[in-house]
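Order of listing sets the numbers, starting from 1, for every ligand and every atom in it. Model, not experiment: these values are computed from the prediction. For reference, positions follow the sequence shown, starting with 1.
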Amino acid sequence: MFKFHSIRSRLTVNFLAIIAAVMIITSLFLYNQLERFFVNNMLDSLTRTGIEAGESAAGLLRNPIDITLRLSAHADSVSRLAGARVIFVNSQMEVIADSVRVGGLLGQTLDREEIATALAGEVGSSVLVSELTGQRVVQVAVPILGEGSDVIGVVFLSGSLHELYGGDQMPGILGRLRNYLLLAMLLAAAVVGGGSVLLARRFTGPLEVLAKAARRMGEGKLDQQIVVSSRDEIGYLAEQLNIMAARLNYYTSSLKHFASNVSHELRTPLASLSLITKSMKDYDMEPEQRKEFLDDLDQELDRLIALVHDLLELTKLEEGIKRTVTFCLAELLSEMAAQLTPRFERQDVRLVTDLPPLPVWVDGSPLLIRQAVHNLLDNALNYTSAGGWIRISVWLEHRWTGVKIEDTGIGIPEKDLPNLFERFYRVEQARTREAGGTGLGLAIVKETILAHGGKIWVESKEGAGSAFYFTLPLHRSVNNN
Ligand code: ADP
């Protein structure tokens, strides 16, 4: 179907307009040049003939006997040669010979501008439409010079441009040219029209494929791949659409996954809460038993609050870091260690630090980094038994600084390591829930480090302890040596 607003139709119309414009301009130019060339040629040739005829006429005029007869014969022969009407005029503008015998102008006064010019010694010429024949004619008047170079008469030649312009029946050269040009224009339009339709189809075909695919993607069918083999902009667009669809697909499925995880996580504490409140409502309880129930309720509420808190943290991290400051990482870690030592000591776990003596400047949010390190230390403490130790160490590279938090705890099975930083991923469901974890701690750490432009990884051996590593880019303008 021909849709007027489609690229195909617009390309075709534009191509046709361009070709028509080019052809019209070329034709006008050609037409004009040819007309001028032909007319000038005729003028030149008539002038030359006129000069020659004038010279011979000057000879004839010297002998006045039978002058009209001889001049008329001369006019006839010149007329046949030149294919033009030839008239001889004396210095009083009287026609003394005319190649047109019947109905000619012999004896009449020919008061014309060209003849006046010729009598003044110049060649007079004009191009006009003949009153008699209605045809265009070229007229030339050449002076006939006497012995003393005075003007004794004029040769007046009138040549028809019939060959150029044609008549009623026969088209002239220009007419035929116009027809050829018109035909060429029609042919070019047909070729260009057909060509542009084919060309446009070649271009718009893949675009239609893209448009259909984009519509399907818009409808939510994101698991499709567009097959466009071209290596041009359209191919690139298809590639980008494929990447976009794959990303969207990934995000949607992880969002679904996340939402189902969140509901699952909320269900357990909410079910407990409901059970506790129902029991307290339905049964008469001793104050002690009531207190036990209230303690459970409190615990479940804490778990819910922790979950909502962690979820909020993650959402905030997705929006990126809002306020960035330059701070000393070593100082932050040493402060944290000092604050946390009493808690570690209470559990008989030693907290040691191995920090560089010089400042380690990094850019970012000290609050978020503190939270991330806190999560790592919390985990380390949770999974390390009494008598063990935890060490925070910092190392420096060219443009990076790295932090290692290692413990002598229970370690993590190798199969769990690749998924450890995923949201709600737990090594053993029981062991973290019991420890009060939300399963979001490491996901928050990872998002924080990534938001700061760093990397994070873990090394661990079951039963032998774990080591969590992360890096951060050093502050640029300050020399961190
Ligand atoms: P949570 O907030 O529930 O602790 P995390 O995301 O922090 O969840 O941890 C994910 C899993 O990794 C948990 O199941 C936990 O058992 C395990 N884990 C994290 N850190 C350590 C560690 N230092 N030693 C052993 N296991 C760990």
Worksheet item: What's the spacing between H374 NE2 and L367 CG if we round to 0.5 Å?
Response: 12.0 Å
Discussion item. How long is the straight-line distance from CG of D295 back to CZ of R290, given to the nearest 0.5 Å?
Written reply: 13.0 Å
Fill in: Geometric cation-pi criterion, R423 with F258: 6.0 Å, 45°
yes
Fill in: Ion pair D44/R48, N-O distance below 4.0 Å
no
Worksheet item: Counting heavy atoms only, which part of D407 comes closer than 4.0 Å to ligand 1: side chain, backbone, both or neither?
Response: side chain
Discussion item. When you measure from the heavy atoms of A380 to every atom of ligand 1, does any distance fall below 4.0 Å?
Written reply: yes
Worksheet entry | Close N or O approach (T438, ligand 1; < 3.5 Å) | yes
Worksheet item: Looking at G411, which atoms of ligand 1 are within less than 4.0 Å of one of its heavy atoms?
Response: 25 (C)
Discussion item. Is there a polar contact between ligand 1 and I410, counting only N or O atoms under 3.5 Å apart?
Written reply: no
Worksheet item: At a 4.0 Å threshold, what atoms of ligand 1 neighbour a non-hydrogen atom of L442?
Response: 5 (P), 6 (O), 7 (O), 9 (O), 10 (C), 12 (O), 19 (C)
Response to the item:
Note: ligand 1 atoms sitting under 4.0 Å from heavy atoms of Y425 are 10 (C), 11 (C)
Worksheet item: By number and element, which atoms of ligand 1 are closer than 4.0 Å to a non-hydrogen atom of F468?
Response: 20 (N), 23 (N)
Fill in: Heteroatom distance test (I412, ligand 1): nitrogen or oxygen, under 3.5 angstrom
no
Discussion item. Assess whether a salt bridge exists between K316 and E313, defined as any Lys/Arg side-chain N lying under 4.0 Å from an Asp/Glu carboxylate O.
Written reply: yes
Worksheet item: So, D298 and K291, do they make that salt bridge, N to O below 4.0 Å?
Response: no
Worksheet item: Nearest heavy atom to atom 3 (O) of ligand 1: which of G441, A443, G439 does it belong to?
Response: G439
Worksheet item: What is the ring orientation for W395 with Y469, classed by angle as parallel under 30°, tilted 30 to 60°, or perpendicular over 60°?
Response: perpendicular
